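Have a look at the structure below before the remarks.
Atoms within a ligand are numbered from 1 in the order they appear, just like the ligands themselves. Please read these numbers as outputs of a predicted model, since none were measured by experiment. Counting from 1, the numbers follow the sequence of the chain as shown. Side chains included, hydrogens not; waters and symmetry mates left out as well; all remaining heavy atoms used.
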Amino acid sequence: MPKINDLNLNNWKEYQDILTDSLWIIGERDKSGSHKGDYHGNFIPQIPNQLMRRFTKRGDVVLDTFLGSGTTLIECKRLGRNGIGIELLPKIVEMAKQRISQETLFDSKDKLFSTILIANSARSATRKKVEEVLKNHNKQNVQLIIMHPPYHDIIKFSDRSDDLSNAKSVQDFLKLFGDVISNFLDLLEKKHYLAIVIGDKYTNSEWVPLGFMAMQEALNCDGLMLKSILVKNMVNNRAKRNQENLWRYRALVGGFYIFRHEYILLFQKK
Ligand SMILES: C[S@@+](CC[C@H](N)C(=O)[O-])C[C@H]1O[C@@H](n2cnc3c(N)ncnc32)[C@H](O)[C@@H]1O
């Protein structure tokens, strides 16, 4: 297998903090440096950190098609990777830019780029813009793609119709999400990885397996091999944390379970 990371496997026992199990129980969120964890719907920095250390090398390019508050690009700066982020909402991009610029480079000798596009990831014009960014830096491909889309309508990020959280139905959401995957798949270097971070949801008391449905969208695209279904613990947001007993009671009465996990779906380009 070609080497796609900087791990020296002659010393493999030294990498105790690199996860290799399919169950990710992560304790405290990393709140160091520019990571604030206050954007509703952000992921914990340990997710991009683990993915980048296992599936990229220093100087590689990481693409995040739903950048939000910039968690992935902050980690890129820390780990010496180039980053391209796409986010629909200009206000959120402002926040991300500020945070990324405040983060210090891993090594000041690194000549890294960190580019954010305010755009809709489902549009082919956006892929062309990413191609231009790569060309300007003498690159052709990206070595890791991270997608952390809205979990359909669980959090409404805006009122815009091109925001995936406003898709009219689960089917519409999946169609748009499938468009995002096929839009960027050509840019992923062969043997490299796509990671989709997503959770399930309830609608009218019925469990909707959004994670598995999104996984099927990726499998429908030619050229991706499923490598892992990782299950990660999820800590409740602040509102729910103060109402744990109430939710336990509701669950007991309603015969349902409270979400405590989400998925990281890992695919390798053939
Ligand atoms: C789950 S959040 C990502 C959070 C991010 N991982 C972080 O740590 O902050 C999803 C993001 O996708 C954005 N979004 C929704 N539809 C989009 C689209 N069509 N193109 C690009 N971004 C979109 C939302 O505005 C939101 O910021």
Should one rank H35, E87, H148, M95 by closest heavy-atom distance to atom 26 (C) of ligand 1, which comes out on top?
-> E87
Judged by non-hydrogen atoms, does V180 sit under 4.0 Å from ligand 1?
-> no
Residue portion contacting ligand 1 (non-hydrogen atoms closer than 4.0 Å) for L67 | backbone
Element-labelled atoms of ligand 1 that are located less than 4.0 Å from some non-hydrogen atom of Y39 = 9 (O), 26 (C), 27 (O)
Residues, nucleotides or ligands: over 12 heavy atoms within 6.0 Å of W207 CH2 | yes
May I ask you to check whether over 12 heavy atoms, not counting those of K3, lie within 6.0 Å of atom NZ?
-> yes
Before signing off on this row, confirm whether N120 and ligand 1 have an N or O atom pair separated by under 3.5 Å.
-> yes
Looking only at N/O atoms, are S69 and ligand 1 under 3.5 Å apart anywhere?
-> yes
F267 and Y193 aromatic centres sub-6.0 Å = no
For atom OH of Y249, is the number of surrounding heavy atoms from other residues, nucleotides or ligands below 6.0 Å larger than 12?
-> no
Heteroatom proximity flag, F43 to ligand 1, N/O under 3.5 Å = yes
Should the ring pair Y263 and F212 be called parallel, tilted or perpendicular, given that the plane angle runs from 0 to 90° and is split at 30 and 60?
-> tilted
Could you say whether the N/O atoms of N42 and ligand 1 ever approach to under 3.5 Å?
-> no
Taking the six-membered ring for Trp and the full ring for Phe, Tyr or His, determine whether the centres of F66 and H148 are under 6.0 Å apart.
-> no
Based purely on interatomic distance, does L164 place a nitrogen or oxygen under 3.5 Å from a nitrogen or oxygen of ligand 1?
-> yes
